[in-house]
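So the structure is just underneath, and the comments pick up after that.
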Amino acid sequence: MTEQPTTRRRISTEQAVKLRVNLLKLAGLAAILGLIMEGLAVVGGAPASLRALFDHGLWPFTVCAAVGLGQSLVGLWPARAGAFALVATPTAFLLAKVLQKGMSVLMDGAQPGALIEDNLWLEAGLRAVEYAVLAAALAWLVRQEWSGALAHVGLGLVIGLLFGLVIAAFLPPDSLVGWIAEEAVFPAGCSLIVFVSETLTHFLPEAA
């Protein structure tokens, strides 16, 4: 018989402070992942610039932070984790893209145009499904006794590659390196960050 998630306990003020510190570490790790994504984009031929950093690094940061936040809020409930990511992922993705376009207007004098184009709506929808599945799978994985860092990385890699092929069918990638970064490195890295966040949470002292 499948064991149901335990009821969440209230935490003390000291524990809440430590949890906020861990969430800040999560945000820092997500920012590093975004920088890695930008570095891979440059290797793939993209120009290195602040605007490019916003383009290739900001949306991975916001999406991974949203997935990690969802895992912290909903705990071990896969359905709730998936539902949270289904809403949070496209919101974070589109917000990052709008900010990137605003940077282009301010720094390069580009024409404003439409804030969100049709292809962005399509990609946001596909990313929503992808990271809803990933978030639900991660919430399930953390309950398994054999789960660990490698299991999280492997899960993210498999889901990323499967959905990456689907996304590529609708939105052909600009380069192979960019595709690998977005569909393999990023979901695997984000899954690892979620694992680190969950592991840090276990170090919180028990409430008195």
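The figures here come from the full heavy-atom set of this structure, side chains too, leaving out hydrogens, waters and symmetry mates.
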Please answer: with hydrophobic residues joined when any side-chain heavy atoms are less than 4.5 Å apart, are [X] and [Y] in the same cluster?
{"X": "F186", "Y": "L126", "answer": "no"}
{"X": "F93", "Y": "L86", "answer": "no"}
{"X": "F170", "Y": "L120", "answer": "no"}
{"X": "L155", "Y": "Y131", "answer": "yes"}
{"X": "V158", "Y": "L192", "answer": "no"}

Legend entry - Minimum heavy-atom distance T91-V87, with the two atoms named: OG1-O, 2.8 Å
Legend entry - Heavy-atom pair of closest approach, residues A128 and P90: CB-CD, 3.6 Å
Legend entry - N119 atom CG, over 12 foreign heavy atoms within 6.0 Å: yes
Inset, instruction - Determine, stepwise, if the pair V133 / F163 fulfils side-chain contact (heavy atoms from CB on, under 4.5 Å). - result: CA-CA 10 Å; V133 172; F163 277 92; 3.8 Å; yes
Inset, instruction - From the options F195, W146, W140, select the one residue that forms a ring pair (Phe, Tyr, Trp, His ring centres under 6.0 Å) with H152. - result: F195
Inset, instruction - Starting at OG1 of T89, measure out to CG of L94 and round the result to the nearest 0.5 Å. - result: 10.5 Å
Inset, instruction - Find the distance between SG (C64) and CG (L134) and round it off to the nearest 0.5 Å. - result: 9.0 Å
Legend entry - Expected output: side-chain T62 to main-chain A92 donor-acceptor under 3.5 Å: yes
Legend entry - Flag, side chain of Q71 to backbone of A135, donor-acceptor distance under 3.5 Å: yes
Under 4.5 Å between any side-chain heavy atoms of [X] and [Y], yes or no?
{"X": "L157", "Y": "P187", "result": "no"}
{"X": "L138", "Y": "S191", "result": "yes"}
{"X": "L176", "Y": "I180", "result": "yes"}

Legend entry - Among I167, D174, L165, side-chain contact (heavy atoms from CB on, under 4.5 Å) partner for W179: L165
